[in-house]
Amino acid sequence: MPTLLIQNAHTIATQDDASGELRNASIYIRGHRIEFIGKATDLPPEALRADEVIDARRHLVTPGLINTHHHMYQSLTRAIPSVQNAELFSWLRGLYPIWSGLTPEMVYVSTQVAMAELLLSGCTTSSDHLYIYPNGVRLDDSIEAAGEIGMRFTATRGSMSVGQSQGGLPPDRVVEREDDILDDTQRVIERYHDAAHGAMVNIAVAPCSPFSVSRDLMRESALLARRYGVRLHTHLAENDHDIAYSREKFNCTPTQYAQDLGWLGHDVWHAHCVKLDEAGIALFAATRTGVAHCPCSNMRLASGIAPIRRMLDAGVPVGLGVDGSASNDAAHMVNEARQALLLARVGRAMQAPEQRDGRTYYGCDLGPAEMTARDALNVATRGGAQVLGRADIGHLAAGMCADLALFDLGSLGFAGGAVHDPVGSLLLCASPPADYTIVNGRVVVRKGHLDTLDMGLLLERHNALATQLVSQNLSI
């Protein structure tokens, strides 16, 4: 098996059970697993004969970051002028007609562009929620793209079955028959899902949202997922319109909707949950139901500020998600973690004043910061692993998968910060690119460049397809 030595790292933020941070330490990798992590002086003799050695004396090493929610095909429709200032529902109505023109090649190429952006930011594992399947598009297109570029992948078989004629949000032409959805979901689980240690592909079952699928599909999807032992994913409680839709159509809150349909549990994670109330938080915590926090998208679409601190304090598993490339317009995981940190703090400052001991306390006076830099890094690593149900990634220890990100502390963005706190500066200074990204023991990003694909050719084809996709819609 190939071997790799990360030698004499300046700092290693292990994110292990003790949240350990090591100085002048090394990591020895054999195959896809970490075999040793610790003081360079304690390295096993064979480590010095590794097939490849990376000198990490000026690097911060972290676990590979984990993205728990994305719509990668949307990289074709970033910054569309007509929806730049829209909130969620009007944004979707403006983009559904464009996405109806997607082809298998468009999904394949856009998946690789989205993954390239993630990998270059130190992300090693990503989920993707593909819920629209026009013109022969299959989930296989995304899975094959991930295999070529080298990213660990949780591919979710999304779906939409309730069109506008039935009271849903999407146009009828982009929804599918529910029997077809369930049959194809079973097909991709049987073909691709791998439950082994170090698996590069997991499959999850992911009807899109309360406003685009039926209650029957939600129930049947949960039964199918649990029969095969795979995870469940959907959007929930994203904004006020989402809440209003659930109350009008189902006469319940989104959390009650999820509970009634079997969509709570340790094998479920919901995207956004911006409007999750206290009862919902308590129920999520009691059932170990996960949340994918998407701060940039929530700001971009004016959805609000998710109560992440309250979720974490209650024991809700929380991971980080960049969300769709057209609602974030970027897929930089370090920046997403930074935004989670900043948004939590501004959210605290906006809290209503509290009366204590005859004094009035405002949000900024209530005590320690809502979220620290290390909290944000934990959500982006261990939190993401927990949400995706992976015990083999998310922190660095012997026996874990060799998924790592290395950041150059000598680069401009760290100037004046890394000398004081290398870990804190990753989240508080300008969001840096990764110098190296290692997935399953394989160097995928080397010295800031993607090592697995020709980026120039990929971007050229992607931009041509993006132009074609939007032009098709304008000509209709």
Side-chain angles (χ1 to χ4, degrees), residues 11-15 19 21 59-70 114-115 117-127 269 271-274 290-300 305-309 311-312 316-325 327-348 369-388 393-396 403-409 411 413-414 417-418 421-435 437 445:
T11 303
I12 301 174
T14 66
Q15 300 301 113
S19 298
E21 295 175 11
H59 288 83
L60 167 67
V61 182
T62 72
L65 307 182
I66 298 170
N67 177 34
T68 62
H69 186 64
H70 208 329
M115 288 185 168
E117 193 170 9
L118 289 167
L119 288 163
L120 288 164
S121 70
C123 179
T124 54
T125 298
S126 184
S127 169
W269 87 102
H272 303 294
C273 297
V274 174
V291 170
H293 177 41
C294 305
C296 287
S297 175
N298 294 341
M299 290 187 284
R300 163 80 154 78
I305 302 174
I308 296 303
R309 183 73 267 164
M311 293 183 196
L312 291 170
V316 176
V318 178
L320 199 64
V322 300
D323 200 15
S325 295
S327 65
N328 182 327
D329 302 291
H332 193 302
M333 275 293 289
V334 177
N335 184 67
E336 199 71 34
R338 171 176 163 79
Q339 291 288 26
L341 163 68
L342 299 180
L343 188 60
R345 291 189 177 188
V346 76
R348 184 182 185 88
E370 187 85 351
M371 183 174 286
T372 69
R374 285 165 174 79
D375 290 337
L377 181 59
N378 188 267
V379 169
T381 53
R382 289 202 75 153
Q386 186 177 17
V387 163
L388 294 184
I393 59 175
H395 69 278
L396 302 179
D403 287 10
L404 303 89
L406 281 69
F407 300 93
D408 184 355
L409 296 173
S411 59
F414 283 104
D421 183 357
V423 179
S425 63
L426 177 68
L427 282 302
L428 293 169
C429 297
S431 300
D435 200 31
T437 302
V445 172

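Everything numeric in this text was worked out from a predicted model, so none of it was measured.
- Residues passing the side chain to side chain contact (heavy atoms under 4.5 Å, CB included) test with Pro307 are Ile281, Arg310, Met311, sequence neighbours excluded.
- At least one side-chain heavy atom of Cys296 sits less than 4.5 Å from a side-chain heavy atom of Asn335.
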- Message: What verdict does the side chain to side chain contact (heavy atoms under 4.5 Å, CB included) test give for His395 and Thr14, after you've listed the backbone C-alpha separation in whole Å, the side-chain angles of each residue and the deciding distance to 0.1 Å?
- Response: CA-CA 6 Å; His395 69 278; Thr14 66; 5.9 Å; no

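- The CG atom of Asp435 lies 3.5 Å from the NE2 atom of His59; values are rounded to the nearest 0.5 Å.
- How far CG of Leu60 is from CG of Leu377: 8.0 Å, rounded to the nearest 0.5 Å.
- The CG atom of Leu426 sits 7.5 Å away from the CG atom of Leu65 when rounded to the nearest 0.5 Å.
- Under 3.5 Å, the side chains of Asn328 and Glu336 contain a donor-acceptor pair of N or O atoms.
- Ser121 places a side-chain N or O within 3.5 Å of a backbone atom of Met333 that can act as its donor or acceptor partner.
- Panel note: side chain His293, backbone Gly319; no donor-acceptor pair is recorded below 3.5 Å.
- Once rounded to the nearest 0.5 Å, the distance linking CG of Leu118 with NE2 of His70 reads 4.5 Å.
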- Message: Using side chain to side chain contact (heavy atoms under 4.5 Å, CB included), reason through Leu312 and Val379 one step at a time and then give a plain yes or no.
- Response: CA-CA 9 Å; Leu312 291 170; Val379 169; 4.2 Å; yes

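- When all heavy atoms of Asn298 and His272 are compared, the pair lying nearest together is OD1-ND1, 3.0 Å.
- Side-chain contact between Glu21 and Ile12 is absent, with no heavy atoms from C-beta onward closer than 4.5 Å.
- In this structure, the side chains of Pro317 and Val387 come closer than 4.5 Å at one or more pairs of heavy atoms.
- Distance alone, capped at 3.5 Å, places no donor-acceptor pair between the Arg374 side chain and the Val423 backbone.
- One distance of note links OG1 of Thr124 with CD1 of Ile393; it measures 6.5 Å at 0.5 Å rounding.
- With hydrogens and angles disregarded, a donor-acceptor distance shorter than 3.5 Å links the side chain of Glu117 to the backbone of Ala331.
- One N or O on the side chain of His332 and one on the backbone of Pro432 form a donor-acceptor pair closer than 3.5 Å.
- Side chain of Thr437 to main chain of Leu119: a donor-acceptor pair is present (N/O by atom type, distance under 3.5 Å, no hydrogens or angles).
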- Residue pair Val61, Leu396: steps toward the side chain to side chain contact (heavy atoms under 4.5 Å, CB included) verdict: CA-CA 10 Å; Val61 182; Leu396 302 179; 4.2 Å; yes

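- Residue Thr62 holds its OG1 atom at 8.0 Å from CG of Leu406, rounded to the nearest 0.5 Å.
- Between the Thr68 side chain and the Leu320 main chain, a donor and an acceptor come within less than 3.5 Å of each other.
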